[in-house]
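Each residue takes its place number in the sequence, starting with 1.
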Amino acid sequence: MHPEIEEVLSNFDVEYPFPSPLVLQNAERILNYMDDIYVERTEKFEYTPAESLYIMWNVEDLEFHIECLKNGHIRYTFRKNGVGKAFGTDTIGNFILRMETYLLSGIC
């Protein structure tokens, strides 16, 4: 398990339901992708009251809002220079491909 997810779980408030395995798996895939492309990030995943994990990730003038939902999908918003360029909900595989396209093109 990715160390960042372990950190979220170690600071978990027992008052809330435990994140579903799909949430944890998807967050781990996203973190592994971010680590693989060696792009710095300063934000970490946070557990939400909707039983999801959320992160905002900045890469130069691109901003990615990513939420791993308990149903296994990813909710996302991509912005460039603060302007929304894409948003939606998708499976993890399709989401990773979409995010990779935006990162490589840099044009959102």
Side-chain angles (χ1 to χ4, degrees):
M1 185 173 291
H2 197 281
E4 184 173 319
I5 295 172
E6 288 178 359
E7 183 180 331
V8 168
L9 296 177
S10 69
N11 294 317
F12 194 73
D13 186 341
V14 295
E15 188 174 307
Y16 297 106
F18 199 76
S20 78
L22 286 172
V23 168
L24 299 174
Q25 290 168 3
N26 288 342
E28 185 161 19
R29 282 190 64 186
I30 290 167
L31 290 172
N32 288 339
Y33 175 79
M34 291 173 173
D35 289 348
D36 286 348
I37 63 171
Y38 303 110
V39 176
E40 181 183 357
R41 62 185 174 83
T42 57
E43 300 296 323
K44 294 183 177 194
F45 269 107
E46 300 174 15
Y47 191 65
T48 73
E51 300 174 35
S52 64
L53 288 173
Y54 167 83
I55 190 170
M56 184 184 75
W57 184 37
N58 290 306
V59 180
E60 297 178 6
D61 59 350
L62 301 175
E63 187 178 289
F64 299 91
H65 295 263
I66 305 166
E67 186 174 5
C68 301
L69 303 173
K70 65 182 177 180
N71 68 1
H73 283 82
I74 306 299
R75 179 180 303 150
Y76 63 90
T77 301
F78 300 159
R79 294 185 176 136
K80 181 169 182 154
N81 296 319
V83 177
K85 296 294 181 179
F87 61 91
T89 304
D90 215 334
T91 62
I92 185 69
N94 289 338
F95 168 75
I96 294 283
L97 291 173
R98 185 179 315 271
M99 184 170 64
E100 186 173 69
T101 300
Y102 281 86
L103 282 167
L104 291 174
S105 68
I107 57 172
C108 276

### Message
Quick check for you: to the nearest 0.5 Å, what is the distance between Arg98 atom CZ and Asp90 atom CG?
### Response
5.0 Å
### Message
Quick check on the hydrophobic clustering: are Met56 and Leu53 connected, directly or via other members, by side-chain heavy-atom contacts under 4.5 Å?
### Response
no
Under 3.5 Å donor-acceptor pairs involving side-chain atoms of residues 28-35, not counting sequence neighbours:
| residue | atom | partner | partner atom | Å |
| --- | --- | --- | --- | --- |
| Glu28 | OE2 | His2 | N | 3.0 |
| Asn32 | ND2 | Glu28 | O | 3.3 |
| Asp35 | OD2 | His2 | NE2 | 2.7 |

### Message
Please enumerate all residues that pass ring-ring contact (aromatic ring centres under 6.0 Å, His included) together with Phe87, with sequence neighbours excluded.
### Response
none
### Summary
Tightest non-hydrogen contact, residues Pro19 and Leu24, listed as CB-CD2, 3.9 Å
### Message
According to side chain to side chain donor-acceptor pair (under 3.5 Å), who are the partners of Glu51, at least two apart in sequence or on a separate chain?
### Response
none
### Query
Given side chains that start at C-beta, do those of Cys68 and Phe45 come closer than 4.5 Å, heavy atoms only?
yes
### Query
Hey, quick one: are Val8 and Leu69 part of the same hydrophobic cluster, counting side-chain heavy atoms closer than 4.5 Å, chains of contacts allowed?
no
### Separation of Phe78 CZ from Thr101 OG1 (nearest 0.5 Å)
9.0 Å
#### Entry: By side chain to side chain donor-acceptor pair (under 3.5 Å) - contacts of Lys44 (at least two apart)
Glu7
#### Entry: Ser20 vs Lys70 side-chain heavy atoms within contact, under 4.5 Å
yes
### Query
When you look at CD of Glu6, are more than 12 heavy atoms from neighbouring residues, nucleotides or ligands closer to it than 6.0 Å?
yes
### Query
Rounded to the nearest 0.5 Å, how far does CZ of Arg79 lie from CG of Asn58?
10.5 Å
### For Glu46, all residues meeting side chain to side chain contact (heavy atoms under 4.5 Å, CB included), sequence neighbours excluded
none
### Query
Under a 4.5 Å cut-off applied to non-hydrogen side-chain atoms, are Val59 and Phe64 in contact?
yes
### Task
Sequence neighbours left out, what passes side chain to side chain donor-acceptor pair (under 3.5 Å) with Thr91? Give chain and number order.
Asn94
### Query
Who passes salt bridge (charged side-chain N to carboxylate O under 4.0 Å, His left out) against Arg75, sequence neighbours left out?
Glu67
### Query
Looking only at heavy atoms, which two atoms of Gly72 and Asn26 are closest? And how far apart?
O-ND2, 2.8 Å
## Note on the structure
For Glu43, the side chain to side chain contact (heavy atoms under 4.5 Å, CB included) test, sequence neighbours excluded, returns Ile55
### Task
Identify, with sequence neighbours excluded, every residue that meets side chain to side chain contact (heavy atoms under 4.5 Å, CB included) alongside Leu97.
Glu100
### Task
Please work out which of the three classes, parallel, tilted or perpendicular, describes the rings of Tyr76 and Phe95, given edges at 30° and 60°.
tilted
### Message
If the condition is side chain to side chain donor-acceptor pair (under 3.5 Å), which residues does Tyr47 pass it with, not counting sequence neighbours?
### Response
none
### Message
Is there a side-chain contact between Trp57 and His65 in this structure, where contact means two heavy atoms from C-beta onward sitting under 4.5 Å apart?
### Response
no
